[in-house]
Amino acid sequence: MADDTPTRDTVATAVAAYKAILQAVIDRRPSGTRRRLANALGKHRSFVTQITNPAYPVPIPASHLKTIFEICHFSPQESAGFMDAYQRAHPGRASGLSGDAGQRVLSLTVPDLGEARNRAFDALVTDLVARLARHEEEID
């Protein structure tokens, strides 16, 4: 009888595959994306480095996927490729998730504070929304 359990090397290769996709997506985004992602996840920037670098074996927790998709703005092809690789690395962990699953768009009109202050304000609002969403999930 064949054992279908993935080997450590197979999982490491699959983790590296989805992290390579994430790294490529982030590399095409404006500077500050890693910082915004760290803020939204409530983590230190070194954590973002670990989860975006294929050389590090640290897997990305499924609970962070929605935030990653929200901050990084994957194309449909990138999202599909990432989720396919993620499912290979972690079968069943992210079932039902996709880049836009369970999300809605809320538009706000806010004051223009200048370029630097706008970025800080946007990061603050993004962080607040991510924390509220996590808090709501913990309550359910």
Side-chain angles (χ1 to χ4, degrees):
M1 182 157 98
D3 183 10
D4 289 338
T5 306
T7 66
R8 187 178 303 204
D9 289 340
T10 304
V11 171
T13 301
V15 168
Y18 71 72
K19 289 171 103 177
I21 294 168
L22 176 58
Q23 185 178 47
V25 168
I26 288 179
D27 286 348
R28 286 193 300 277
R29 298 298 172 256
S31 87
T33 299
R34 284 180 172 80
R35 180 184 40 77
R36 284 193 311 280
L37 185 55
N39 289 341
L41 293 172
K43 302 289 185 182
H44 194 272
R45 285 176 51 191
S46 64
F47 175 77
V48 173
T49 297
Q50 291 178 8
I51 65 169
T52 59
N53 188 332
Y56 291 106
V58 177
I60 298 174
S63 61
H64 293 333
L65 294 180
K66 285 183 183 178
T67 303
I68 289 170
F69 281 116
E70 176 185 315
I71 300 294
C72 298
H73 305 289
F74 284 64
S75 72
Q77 296 82 10
E78 291 165 335
S79 178
F82 178 89
M83 288 307 296
D84 194 39
Y86 193 89
Q87 289 291 355
R88 280 194 308 277
H90 314 293
R93 257 200 225 168
S95 59
L97 285 179
S98 69
D100 58 358
Q103 295 184 11
R104 63 187 182 97
V105 174
L106 175 65
S107 298
L108 300 173
T109 302
V110 297
D112 186 352
L113 306 170
E115 187 176 337
R117 291 178 68 199
N118 282 346
R119 279 195 306 272
F121 182 86
D122 293 354
L124 202 95
V125 170
T126 300
D127 181 52
L128 173 65
V129 170
R131 288 172 190 252
L132 288 171
R134 282 194 302 274
H135 178 69
E136 182 63 29
E137 288 173 359
E138 291 171 4
I139 291 173
D140 287 343

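Start at 1 with the first residue, then count along the sequence. This is a predicted model, so every value here is computed, not measured.
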Trainee: Any idea which heavy atoms bring H73 and E70 closest together, and the distance?
Mentor: CE1-O, 3.2 Å
Trainee: Which side-chain N or O atoms in residues 48-60 pair as donor and acceptor under 3.5 Å with protein atoms at least two apart or in another chain?
Mentor:
| unit_1 | atom_1 | unit_2 | atom_2 | d |
| --- | --- | --- | --- | --- |
| T49 | OG1 | R45 | O | 3.3 |
| T52 | OG1 | V48 | O | 2.8 |
| T52 | OG1 | T49 | O | 3.4 |
| N53 | OD1 | A55 | N | 2.8 |

Trainee: Measure the CD1-CD distance between I21 and Q77 for me, rounded to the nearest 0.5 Å.
Mentor: 11.5 Å
Trainee: For F47, check ring pair (Phe, Tyr, Trp, His ring centres under 6.0 Å) against everything at least two apart and list the hits.
Mentor: H64
Trainee: Could you measure the distance from the CG atom of N39 to the CD1 atom of I71? Nearest 0.5 Å is fine.
Mentor: 9.0 Å
Trainee: Might you confirm whether atom CZ of R29 has over 12 heavy atoms from other residues, nucleotides or ligands at distances under 6.0 Å?
Mentor: yes
Trainee: Within the 4.5 Å heavy-atom criterion, are V15 and H90 side-chain neighbours or not?
Mentor: yes
Trainee: To the closest 0.5 Å, what do you measure between CZ (R117) and CG (L124)?
Mentor: 12.0 Å
Trainee: Which atom names give the shortest non-hydrogen contact between C72 and T33, and what distance separates them?
Mentor: SG-CG2, 4.5 Å
Trainee: CD1 of I26 to CG of L22: how many Å apart, nearest 0.5 Å?
Mentor: 4.0 Å
Trainee: Kindly give the heavy-atom pair with the smallest separation between F69 and S79, and that separation in Å.
Mentor: CE2-OG, 3.5 Å
Trainee: Do L113 and L108 sit in one hydrophobic cluster, given that two such residues count as connected whenever their side-chain heavy atoms are within less than 4.5 Å of each other, even indirectly?
Mentor: yes
Trainee: Just how far is it from atom OH of Y18 to atom OG1 of T13, taken to the nearest 0.5 Å?
Mentor: 12.0 Å
Trainee: Heavy atoms only: give me the nearest R88-A14 pair and the separation to one decimal.
Mentor: C-CB, 4.1 Å
Trainee: Evaluate the side chain to side chain contact (heavy atoms under 4.5 Å, CB included) criterion for residues I68 and V25: first the C-alpha distance (whole Å), next the side-chain angles of each, then the deciding distance (0.1 Å), finally the verdict.
Mentor: CA-CA 11 Å; I68 289 170; V25 168; over 6 Å; no
Trainee: Ignoring hydrogens, what is the shortest heavy-atom contact between A62 and Y86? Give both atom names and the distance.
Mentor: N-OH, 3.1 Å
Trainee: With D122, which residues qualify under salt bridge (charged side-chain N to carboxylate O under 4.0 Å, His left out), at least two apart?
Mentor: none
Trainee: Looking at every non-hydrogen atom in both residues, tell me the closest pair between P111 and N118 and how far apart they are.
Mentor: O-OD1, 3.9 Å
